[in-house]
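Single-structure report; data block below.
Residue numbers begin at 1 in each chain, while the letters A, B, ... track the order of the sequences. The figures here come from the full heavy-atom set of this structure, side chains too, leaving out hydrogens, waters and symmetry mates.
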Amino acid sequence: MDVRGTVADEVEVRSVSTSYGETDLAEVQLVRTETGAAGHDERSLEDPEPTTVTLWNKWTESAELLEPGMELLVTDAETDDYRGETRYKTTGESYVVVEPSFLVNVTAIRNWTECPRLYYLNKLSGVPLNYPVVKGTLVHEVFGDLLRGRELEESIDARVEERGLQLGLLGEDPESVAEDVRQNAKAIEGWLEQGRLTEEDRAAPAAGNSERAFSPAESSWRSEQLLISETFGIRGRADAIRRGAPVELKTGKNLKKEPRFKDKVQAACYALLLEEHGGSVDTGTLLYTKNSALDRNEETGDLTPAKEFSMGDGLLKYVVRLRNEIAAAEVAGDVPTGYEGNATCEYCFEQDTCMVVSGRLDQESKAGQIGQPLPAEEREYFERFSGAIEAERREVHREYAKLWEQDAQERADDDRALIDLEFVERRELEAGRWELRARRTGGASSKLREGDLVLASDGHPVRGQSELARIERLDEDGVVLTADEPVAVTRLDVYPSELTTDRLLVALHDMLLKGDERRKDVLFDRANPEFDAPDETFVDNNDAQDEAVRKAVGARDCALIHGPPGTGKTHTIARAVRAMVERGERVLLSAFTNRAVDNALEAVLEQLGDAIDEHRVVRVGSESGVREDMEPYRLERAGDPDERLAELEDARVVAATTATCGSRVMKEQSFDAALVDEAAQLTEPGTFAATNLAERFVLVGDHEQLPPVVRAENELTESLFERLVDLHPDAGVMLDRQYRMNQRIQAFPSREFYDGTLRPAEPEVAGRTLDDLEGVSREALPADLRDPVAFVDVEGDGSRYTDSEEAARVAELIDAYEAAGVDRADIGVIAPFRAQVSELSSRVPPEVAVDTVDRFQGSSEEVIVVSFTATGTLEGPIFEDYRRINVALTRPKRALVLVGDSRALSADPVYGRMLEWART
DNA sequence: ACTCTGCGGAGAGGA
């Protein structure tokens with residue numbers, strides 16, 4: 001039986017004498033939780049009395065990692081009656097898994113075997129773009145193609161073409177790359193040819209058609225399948241599976257008789273994954289494709305590319321213990337020293353990096369340290385922020401765990417899955433990929449969007465047939481996916497990604513260890529930002545905007561532009577970009593969201609006007625992320641290396657999200673200036689992803705609007721923008737004239753959030769009302785709506801996240817505005833909760849924009865109706881952040897209606913002042 | 001208690 005639970009006490013390992021001699025054991029006090037069956041609420045089954053589980057022999061190594069509070073799983077345990085008390089103990093069949101819900105990557109285990117410190121360094125500094133890695137990836141892709149029945153030359157051409165941009169950056173010529181890949185592919189083909197003979201032997205008697213050509217796609221092969229094990233807490237993607245056993249491809253050479261140990265460990269990981277999925281694996285194959293072709297192996301015997309090896313129980317258990325070390329370190333937030341393993345530092349490729357990182361960050365390391373440690377404040381900063389990023393990573397891992405801890409309905413209710421799909425058809429695409437179609441049977445919403453990568457399964461994302469797939473199209477009726485395998489899709493699950501956290505960590509590392517000293521002096525308040533004063537007027541009729549552009553252009557270090565709602569910050573950015581480009585500078589334009597990047601880019605294109613050809617502009621990002629009208633500027637990854645490289649390098653303006661700025665391609669680029677829009681929505685490391693690429697930077701944002709979205713509560717919730725505004729007020733300019741709101745509307749937000757400094761840019765703005773709009777008459781409105789700010793008191797239905805009474809009232813209000821001549825498309829409705837947004841959407845005409853406060857940030861409408869959705873009290877985190885009210889109240893130009901329960905709203909001082917303002 | 005956008009999935013190699 002399996003025993004699972006939470007460690008209740010410190011664990012001690014001791015030795016006892018048994019009939020087999022001296023043996024180690026550890027007695028673990030475990031508060032048990034239910035295992036297995038999905039959908040059970042684990043907590044309800046908890047027995048608060050700890051049970052003793054004895055871990056024997058080598059499992060004591062994993063016991064040493066345990067801390068109270070950690071999760072532990074022991075498979076195939078045996079009961080053990082000890083003085084009338086039921087205990088459990090490991091058996092020869094048992095696996096002991098520490099923190100099983102923490103999914104460890106196969107590559108992580110592979111790196112950790114080599115050296116735990118290597119694992120850490122990879123995480124911290126990333127793997128830069130280099131040819132051996134790109135070539136290795138290409139060879140793997142071609143291998144996959146061959147297995148799926150694609151023709152060799154066609155595959156090589158297509159795969160090399162796909163990597164055009166990367167190859168261009170590496171200065172590689174497509175012909176020589178193709179030749180390189182061809183060399184390795186020969187070994188693969190030769191080996192497949194061998195396999196073909198045995199496959200035919202096997203297939204002939206059964207199928208009776210030995211004449212038929214061998215097709216890997218029809219044989220007992222699978223390629224590149226993503227596997228997840230909820231028992232072992234491992235995830236990974238095997239290169240290939242042949243008759244149920246893993247095949248790992250290596251592009252390098254290995255002239256030894258045996259496979260490299262780390263490669264064996266990798267294959268053993270896949271064996272564990274396959275075991276969980278019903279297989280039983282005792283051999284693995286490693287294919288070293290740089291070894292000489294088959295014809296030479298008759299003389300030398302051991303030069304054949306393929307090395308088969310048997311995987312015993314001992315290896316599999318060793319691998320689980322390794323995995324436990326990683327999970328325990330990740331959960332505890334430990335930094336590996338290298339002493340955990342037995343690697344020899346002097347043979348290590350990363351020895352220098354390792355010593356430098358250890359030296360600079362003053363970390364304990366087996367390789368030793370070189371160089372002076374960073375100043376104490378920088379090391380303290382690193383500790384704080386890397387800790388915060390790791391906390392984010394653990395939250396991502398909690399999302400993985402939900403793949404099996406939540407049942408289908410729970411996941412659907414959480415918007416994390418689309419369930420009850422009806423599989424319609426599969427269609428084979430070129431390169432052996434598949435297009436899958438499924439129909440939706442309910443109208444349920446979900447987080448899933450076009451372009452997302454999802455787990456497509458025939459029922460369960462971990463236990464059933466499942467495959468990583470991309471959503472090509474998604475609407476109310478159905479979904480179209482592309483995937484490597486033809487899964488009969490009935491369910492789609494969000495597939496969590498660590499990519500963003502990985503990139504945050506690398507950005508933090510790069511700022512501290514590769515960053516310019518002067519830059520760090522400014523960031524750590526050891527120096528003040530300096531400015532040159534350009535002798536030029538950039539904006540005629542707005543002093544603050546003009547000063548902002550002058551600061552941006554003249555900054556030697558950084559400039560900060562504080563742009564409250566409607567103050568023209570996007571225009572100011574665009575003007576600054578133009579000024580920089582005209583001075584011959586290369587500019588990076590970035591923001592957290594694709595939408596903000598495209599908005600800023602649109603303004604820049606407008607500013608540049610006819611000069612666009614001369615100052616080439618490029619948008620880097622994925623097809624699904626980039627707005628359609630910016631597609632002509634989007635940099636394609638595939639193509640001729642020289643052409644792609646030129647497109648990027650010749651661009652004077654490059655626009656990309658901060659996440660993309662952390663990509664390998666973008667990290668090869670450098671700029672004179674980085675302009676980051678909506679900077680108050682970025683974490684500090686997120687901001688660095690962009691600023692690391694440039695000599696100086698300009699942050700534009702408003703910290704009185706919504707802060708960064710993070711999963712864990714920590715230092716990441718304050719933006720670098722906000723911190724620097726406090727630290728270096730002289731580097732900042734606040735745009736104080738707004739071009740959006742009627743004076744009456746802006747009064748409260750200006751007073752409450754901007755010390756009364758925000759004012760209308762022009763009399764026209766101050767006095768604008770609905771009467772200015774074509775065919776609209778305020779006289780036609782009910783008397784209580786004629787003022788630009790109105791309050792409608794609705795007691796509410798008392799529900800938590802929806803309010804049908806408010807929704808009904810909002811629908812009436814919209815009718816009233818329509819009756820007065822307002823165009824539906826000029827009206828927006830804002831609510832705090834998504835549930836209320838869908839309630840409202842079902843009651844108002846589709847032309848009316850209805851969305852959450854968070855998603856409304858950045859846009860505006862003539863008329864805004866806010867549905868507060870709070871009855872009786874304002875309790876709940878959503879109401880606590882007053883910046884959310886600021887966003888909601890500053891969206892309208894000419895009319896604002898607040899709908900809510902006056903009793904609830906008056907209970908809070910800020911909401912109370914808002915109420916007074918709206919009612920007078 | 002809620003809000004929710006990003007990302008070439010994971011892994012590719014070098015003695």
Problem - Sugar-phosphate, base or nothing in reach of A:T852, heavy atoms under 4.0 Å - result: sugar-phosphate
Practice task
Quickly work out the A:L286 CG to B:dA12 P distance and round it to whole Å.
Solution key: 11 Å
Practice task
Pick base, sugar-phosphate or nothing for A:D452, based on heavy-atom distances below 4.0 Å to the nucleic acid.
Solution key: base
Exercise for the section: Record whether the side chain of A:R855 comes under 3.5 Å of the base of B:dT3 through a donor-acceptor pair of N or O atoms. Expected result: no
Exercise for the section: Ignoring backbone atoms, establish whether A:N594 has a side-chain N or O less than 4.0 Å from OP1 or OP2 of B:dG6. Expected result: yes
Exercise for the section: State whether a side-chain donor-acceptor pair under 3.5 Å links A:K135 with A:N184. Expected result: yes
Practice task
Could you tell me whether A:F868 and A:F879 have their ring centroids closer than 6.0 angstrom?
Solution key: no
Exercise for the section: Quick one: label A:R595 by what it contacts on the DNA or RNA (base, sugar-phosphate, nothing), any heavy atom closer than 4.0 Å. Expected result: sugar-phosphate
Practice task
Rounded to the nearest 0.5 Å, what's the gap from CG on A:N594 to OG on A:S622? Could you check?
Solution key: 6.0 Å
Fill in the blank from the handout: Between A:R393 and the options A:E390, A:E395, A:H397, the side chain to side chain donor-acceptor pair (under 3.5 Å) test singles out A:E390
Practice task
Would you check if there is a donor-acceptor pair between the side chains of A:Q836 and A:S867 at a distance under 3.5 Å?
Solution key: yes
Handout entry: Value in whole Å for how far the P atom of B:dG9 lies from CZ of A:R664
Key = 10 Å
Completion exercise
Stems of at least 3 consecutive Watson-Crick or G-U wobble pairs (donor-acceptor distances under 3.5 Å) involving DNA chain B, listed by first number, are none
Practice task
Check whether any side-chain nitrogen or oxygen of A:K250 sits under 4.0 Å from OP1 or OP2 of B:dA12, and answer yes or no.
Solution key: yes
Handout entry: Listed nucleotide nearest any side-chain atom of A:T593, set B:dA1, B:dG6, B:dA12
Key = B:dG6
Handout entry: Sugar-phosphate only, base, or nothing, as touched by A:E248 at under 4.0 Å among non-hydrogen atoms
Key = sugar-phosphate
Problem - Separation of B:dA12 P from A:E114 CD (nearest whole Å) - result: 13 Å
Exercise for the section: May I ask you to say what A:K135 touches in the nucleic acid, namely base, sugar-phosphate or nothing, with a heavy-atom cut-off under 4.0 Å? Expected result: nothing
Practice task
Output the single nucleotide from B:dG11, B:dG8, B:dC4 whose closest atom is nearest the side chain of A:V709.
Solution key: B:dC4
Exercise for the section: For A:L118 and B:dA15, give me the distance from atom CG to atom C1', rounded to whole Å. Expected result: 13 Å
Practice task
Select one nucleotide: of B:dC2, B:dG13, B:dG6, the one nearest the side-chain heavy atoms of A:T657.
Solution key: B:dG6
Exercise for the section: Using a 4.0 Å heavy-atom cut-off across all strands, classify A:R637 as base, sugar-phosphate, or nothing. Expected result: base
Practice task
Using a heavy-atom cut-off of under 4.0 Å over every strand shown, decide if A:D881 touches base, sugar-phosphate, or nothing.
Solution key: nothing
Completion exercise
A:D239 atom CG is separated from B:dA10 atom P, nearest whole Å, by 14 Å
Completion exercise
Considering only heavy side-chain atoms of A:R260, the closest of B:dG11, B:dT5, B:dA15 is B:dA15
Practice task
Ignoring backbone atoms, test whether A:Y801 places a side-chain nitrogen or oxygen under 4.0 Å from the OP1 or OP2 oxygen of B:dA1.
Solution key: no
Problem - Given DNA chain B, 5'-ward residue of the pair A:Q266 and A:E350, judged by closest heavy atom - result: A:Q266
Problem - Residue-phosphate contact under 4.0 Å: A:R235 side-chain N/O, B:dA10 OP1/OP2 - result: yes
Completion exercise
Note: for A:R237 and A:F349 on DNA chain B, the residue whose nearest nucleotide lies more 5' is A:R237
Problem - A:R398 CZ: over 12 foreign heavy atoms closer than 6.0 Å - result: no
Exercise for the section: Using a 4.0 Å heavy-atom cut-off across all strands, classify A:G876 as base, sugar-phosphate, or nothing. Expected result: base
Practice task
Please measure how far the C1' atom in B:dG8 lies from the corresponding atom in B:dA12, and state the result in whole Å.
Solution key: 13 Å
Fill in the blank from the handout: Ranking B:dG13, B:dA1, B:dG6 by distance to the side chain of A:A659, first place goes to B:dG6
Practice task
May I ask you to verify if any side-chain N or O of A:H140 is less than 4.0 angstrom from the OP1 or OP2 atom of B:dA12?
Solution key: yes
Handout entry: Phosphate OP1/OP2 of B:dG8 contacted by A:R503 side-chain N/O (<4.0 Å)
Key = yes
Exercise for the section: Take atom P in B:dA10 and the same atom in B:dG14, then report the distance between them in whole Å. Expected result: 23 Å
Practice task
Select base, sugar-phosphate, or nothing to describe what A:E875 touches, counting heavy atoms under 4.0 Å on all strands.
Solution key: base
Problem - Spacing of A:L227 atom CG relative to B:dG11 atom C1', expressed in whole Å - result: 14 Å
Problem - Selection from B:dC2, B:dA12, B:dC4 that lies nearest to any side-chain heavy atom of A:I878 - result: B:dC2
Exercise for the section: Would you indicate what A:V853 reaches in the nucleic acid, counting non-hydrogen atoms under 4.0 angstrom: base, sugar-phosphate, or nothing? Expected result: nothing
Practice task
May I ask you to decide whether A:K447 forms a salt bridge with A:D452, counting only side-chain N to carboxylate O separations under 4.0 Å?
Solution key: no
Handout entry: Protein-nucleotide distance (A:I885, atom CD1; B:dC2, atom P), rounded to Å
Key = 19 Å
Practice task
Identify which nucleotide among B:dC7, B:dG13, B:dA15 has an atom closest to any side-chain atom of A:T500, counting heavy atoms from C-beta outward.
Solution key: B:dC7
Problem - Carboxylate-amine/guanidinium contact A:R834 A:D854, below 4.0 Å - result: no
Practice task
Ignoring backbone atoms, establish whether A:T107 has a side-chain N or O less than 4.0 Å from OP1 or OP2 of B:dG11.
Solution key: yes
Exercise for the section: Indicate, with a heavy-atom threshold strictly under 4.0 Å, whether A:R163 touches base, sugar-phosphate, or nothing. Expected result: nothing
Problem - Anti/syn call for B:dG9, syn if |chi| within 90° - result: syn
Exercise for the section: Please determine if a side-chain N or O atom of A:Y270 lies less than 4.0 Å away from the OP1 or OP2 oxygen of B:dA10. Expected result: no
Exercise for the section: Sequence neighbours left out, what passes ring pair (Phe, Tyr, Trp, His ring centres under 6.0 Å) with A:F721? Give chain and number order. Expected result: A:H703
Exercise for the section: Take A:Q705 and A:D702, measure what side-chain hydrogen bond (donor to acceptor under 3.5 Å, both in side chains) needs, and give me the verdict at the end. Expected result: CA-CA 6 Å; A:Q705 296 185 59; A:D702 181 11; 2.8 Å; yes
Practice task
Could you state the atom-to-atom distance from CD1 of A:I471 to C1' of B:dG9 in whole Å?
Solution key: 13 Å
Exercise for the section: Identify whether any heavy atom of A:D502 sits under 4.0 Å from a base atom; if not, whether one sits that close to sugar-phosphate; answer base, sugar-phosphate or nothing. Expected result: nothing
Handout entry: Carboxylate-amine/guanidinium contact A:R884 A:E704, below 4.0 Å
Key = no
Problem - Distance, P atom - from B:dA15 to B:dG11, rounded to whole angstrom - result: 23 Å
Exercise for the section: Select base, sugar-phosphate, or nothing to describe what A:Y495 touches, counting heavy atoms under 4.0 Å on all strands. Expected result: sugar-phosphate
Handout entry: Residue A:Y400, side-chain heavy atoms: nucleotide from B:dA12, B:dA15, B:dA10 that is nearest
Key = B:dA10
Problem - SB check A:K250 A:E248 (cutoff 4.0 Å) - result: yes
Practice task
Remember a base hit wins even if backbone is also touched, and classify A:T660 as base, sugar-phosphate or nothing at under 4.0 Å, heavy atoms.
Solution key: sugar-phosphate
Exercise for the section: Would you please confirm or rule out a distance under 4.0 Å between OP1 or OP2 of B:dG11 and any side-chain N or O of A:R110? Expected result: no
